[in-house]
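Atoms considered below: every heavy atom in the structure, side chains included; atoms not considered: hydrogens, waters and symmetry mates. Reminder, nothing fancy here: chain letters follow the sequence lines and each chain counts from 1.
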There are 2 protein chains.
Amino acid sequence: MFSKACKYAINAMTYIATLPKERDRVGLKEISKEINSPEAFTAKILQVLVKDHLLTSIKGPNGGFMMRGKSEEIFLGQIVEAIDGDVLFTGCALGLEHCNGHHPCAVHHKFKAIRDHLAGMLMTTSLKEVAFGINNGTNFLRS
Amino acid sequence: MFSKACKYAINAMTYIATLPKERDRVGLKEISKEINSPEAFTAKILQVLVKDHLLTSIKGPNGGFMMRGKSEEIFLGQIVEAIDGDVLFTGCALGLEHCNGHHPCAVHHKFKAIRDHLAGMLMTTSLKEVAFGINNGTNFLRS
DNA sequence: TTCAAAAGATGATTTTCGTCATGATTAAAA
DNA sequence: TTTTAATCATGACGAAAATCATCTTTTGAA
Ligand code: FES
Ligand code: FES
């Protein structure tokens, strides 16, 4: 469904969003430890998120990564799109060059319903909402 | 979403299912031409489907591949499972080792709805139904 | 200056995707 | 019957992408 990079990205953003108000930044080491991801690979992913203006990075001692916007205004779909692109939202399930109703693949109609369901969920689920479940103890970032 | 191998598999099975009753088999060349897939790679995929008892193969001149069961009793989910395994149906969206309600990941609840929607669609959509759309001219196997 | 931390470059490893050469089987032709 | 050609079967190989690791450079605080 999602690439590993995308999974790490969502978990990392979620963890950053769980930080208390008085702590606005967190380093790579802590992130990759908390979400149980390879450190170097995570670094690359975070850099993509910085380039996409979802995160801000601060260099030097006491540096780290911080959310660029409010967590209630960042949605999972933005993260997925930044890492995996929009193929999940607009691509054909069976590999046709363009997905559109005028030249539908064998499963276009049925698949479009699923895809729209998924896109709707991702575009309306905010990081704040997800982070709340983690802080709450109802959901988990690692096995 | 699906791997390329899985996409080719679905399209190949669909094409075989579109054959008229008086023609029960079709060769690799024709299949890969009709679904626009690399021939050698398609051969590998078809062999997996043969091993999984979804297809029967016949060697020699006028040989080819034929459906092993009735197209109305073969569902897309079986093809997906044969090629990509069941991770799409049972795996965690965010990479947790096991997906279950007792240790849910950050998006388990919302994602499970999507996943079940997808699984339901794949498990109830028969090859006959899909092939009908192709024979009908309403759907297409290639760009 | 010195040190910790992120950025950036580069390379290794693994998985996926795809090709090629060759063998095995069998219907059809000779 | 014997040969031929069409077809599937298989394993080795290679290219490309995804994934993960290491090293150097740059930055900024103390
Ligand atoms: S054309 Fe294949 S999903 Fe729309
Ligand atoms: S635990 Fe992640 S989807 Fe169920």
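Taking every side-chain heavy atom of A:F65 into account, C:dA6 is the closest of C:dA6, C:dC17, D:dT19. Nearest to the side-chain atoms of A:P38 among the listed nucleotides D:dT19, C:dT25, D:dA21 stands D:dA21. In the set D:dT19, D:dA21, C:dC17, D:dA21 carries the atom at the smallest distance from any side-chain atom of A:A40. Distances were taken from every side-chain heavy atom of A:Q47 (C-beta onward) to each of D:dC8, C:dG8, D:dT19; the shortest belongs to C:dG8.
As judged by a 4.0 angstrom heavy-atom cut-off over every strand, A:K44 is placed among the base-contacting residues. Counting any heavy atom pair closer than 4.0 Å across all strands shown, B:I58 reaches sugar-phosphate atoms only and no base atom.
The phosphate of D:dA9 has OP1 or OP2 within less than 4.0 Å of a side-chain N or O from B:S57. Applying the 4.0 Å criterion to OP1 and OP2 of C:dA27, one finds that B:K59 has every side-chain N and O outside that range. In this structure, B:N62 reaches the C:dA28 phosphate: one of its side-chain N or O atoms is under 4.0 Å from OP1 or OP2. Residue A:K4 places at least one side-chain N or O under 4.0 Å from the OP1 or OP2 atom of D:dC20.
Taking atom CG of residue A:D84 and atom P of nucleotide D:dA18, one finds them 9 Å apart after rounding to whole Å. To the nearest angstrom, C1' of D:dA9 lies 15 Å from NZ of B:K29. Protein atom CE of B:M66 is 16 Å distant from nucleotide atom P of D:dT7, rounded to whole Å. B:L55 has its CG atom 12 Å from the C1' atom of D:dC8, to the nearest Å. If you measure from atom CD1 of B:I83 to atom P of C:dC17, you get 11 Å, rounded to the nearest angstrom. Distance CG (B:L28) to C1' (C:dG18): 13 Å, rounded to an integer number of Å. Taking atom CG of A:L46 as the reference point, atom C1' of C:dG8 lies 14 Å away to the nearest angstrom. For B:N36 and C:dG18, the CG to P distance is 11 Å, given to the nearest whole Å.
In this model, a donor atom of one side chain and an acceptor atom of the other lie less than 3.5 Å apart for B:S37 and B:T42.
More than 12 heavy-atom neighbours from other residues, nucleotides or ligands sit within 6.0 angstrom of CZ on B:F140.
Ranked by how close their nearest DNA chain C nucleotide is to the 5' end, B:F41 and B:R25 are led by B:F41. Of the residues near DNA chain D, A:Y8 and A:P61, the one whose nearest nucleotide (by heavy atom distance) lies more toward the 5' end is A:Y8.
A donor-acceptor contact shorter than 3.5 Å is absent between the side chain of A:H103 and the backbone of B:N139. Judged by distance alone, with hydrogens and angles left aside, the side-chain atoms of B:N100 form a donor-acceptor pair with the main-chain N or O of B:H102 at under 3.5 Å. Between the side chain of A:H108 and the backbone N or O of A:C92 there is no donor-acceptor pair closer than 3.5 Å.
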